[in-house]
2 protein chains.
Amino acid sequence: MAELKTDVCSVTAVDAEKVAAVQQKLPQESAVRALAETFKVLGDPTRVRIVMALMLDELCVCDLAALTGLSVSAISHQLRMLRNLKLVKYRRKGKMAYYSLDDEHIEQLIQVAMEHVHE
Amino acid sequence: MAELKTDVCSVTAVDAEKVAAVQQKLPQESAVRALAETFKVLGDPTRVRIVMALMLDELCVCDLAALTGLSVSAISHQLRMLRNLKLVKYRRKGKMAYYSLDDEHIEQLIQVAMEHVHE
DNA sequence: TTAACATTTGAACGATTGCTCAAGTGTTGA
DNA sequence: TCAACACTTGAGCAATCGTTCAAATGTTAA
């Protein structure tokens, strides 16, 4: 009764006050999920390659397939994911679909992450 | 014979020259993988919450469990992953392990990604 | 010593992922 | 109109992921 716990399971929160203060400042559930989704979509070598290629040039699905050595279908699936998360956009020209980056933040993310992996 | 293809499968690379130029500028396999690994580790709501909490304060495993409503074990598994990727570090004080961020780039990544999700 | 505790670890599980394959859509040029 | 083409889509499958549970490690205090 006296003890301040997080009820769910009997975790003995060492510093309940600190925990409460931090919890209050954390963004809400939906923001955290959106953030994780954005990172997750970049968390795959194929998609990183696609994004980095599009940082250099506008490319069609076929180009990206050739570039990565993967099937056109595989690339198309990945592009849909990148499209849904608003990381890439495309323009149609006849049968072709030319893809490019949709957001300047993506290049920043890649840039900063590169710095991290290079220690 | 005359046609320049990317041999692997018979992909009709629309602009072989452009593809070759881009391919040459892309970082090598290992760098791409390391980059993807970094994003992937941030691509989960639980780990995003852990990282954002550690941006605000140094916390022990127990605190993080209380904060997220997950088991201590689950948090410990996730912290190991974050540790392996050098995103967090910890100091021992008796039985406790106090975790904090290991790299200023992480906060930048969170920052930029927040800007992206807020359009 | 021992018991209690904070944390870590390994096995196991259902859920999700990234690919392939086959079939589909829509555009072009013969 | 029709075949060829660029791309998209859905089903299916092996591999990976995130959690739980049980057991282990290591520290503290009695």
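Since the structure is predicted, the reported quantities are computational estimates derived from the model, not experimental observations.
The nearest whole Å value for the distance from the CZ atom in B:Arg83 to the C1' atom in C:dT8 is 8 Å. Put simply, CD1 on B:Ile50 is 8 Å from P on D:dT19, counting in whole angstrom units. Computed from coordinates, the A:Leu64 CG to D:dA6 C1' distance equals 13 Å when rounded to whole Å. Rounded to an integer number of Å, the gap from B:Ile75 CD1 to D:dC17 C1' is 15 Å. Separating the OH atom of B:Tyr90 from the P atom of C:dA6 is a distance of 17 Å, rounded to the nearest angstrom. To the nearest angstrom, C1' of C:dT7 lies 15 Å from CZ of B:Arg91. Atom-to-atom, NZ of B:Lys95 to C1' of C:dA6 comes out at 7 Å; the value is rounded to the nearest Å. Distance CG (B:Leu79) to C1' (D:dG18): 14 Å, rounded to an integer number of Å.
A:Tyr99 and A:Arg83 form a side-chain donor-acceptor contact under 3.5 Å, judged by distance and modelled atom types alone.
Using a 4.0 Å cut-off, no side-chain N or O of A:Tyr99 falls inside it from OP1 or OP2 of D:dA6. Using a 4.0 Å cut-off, no side-chain N or O of B:Arg92 falls inside it from OP1 or OP2 of D:dG26. Look at B:Arg49 and you won't find any side-chain N or O under 4.0 angstrom from OP1 or OP2 of D:dG18.
With B:Lys40 contributing its side chain and A:Phe39 its backbone, the two residues share no donor-acceptor pair below 3.5 Å. Between the side chain of A:Asp63 and the backbone N or O of B:Asp15, at least one donor-acceptor pair lies under 3.5 Å. B:Ser76 places no side-chain N or O within 3.5 Å of a backbone atom of B:Val72 that could act as its donor or acceptor partner. The main-chain N or O of A:Leu67 is found under 3.5 Å from a side-chain atom of B:Gln23 such that the two form a donor-acceptor pair.
Counting heavy-atom neighbours within 6.0 Å of A:Glu29 CD, excluding the residue itself, gives a total above 12. Counting heavy-atom neighbours within 6.0 Å of A:Gln28 CD, excluding the residue itself, gives a total of 12 or less.
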Let me have a per-nucleotide readout for nucleotides 13-23 of chain C, 5' to 3', with B, S or -, counting only protein heavy atoms under 4.0 Å.
----SSSBBB-
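Closest approach to the B:Ser76 side chain among C:dT7, D:dT9, C:dT8 is made by C:dT8 (side chain taken as heavy atoms from C-beta onward).
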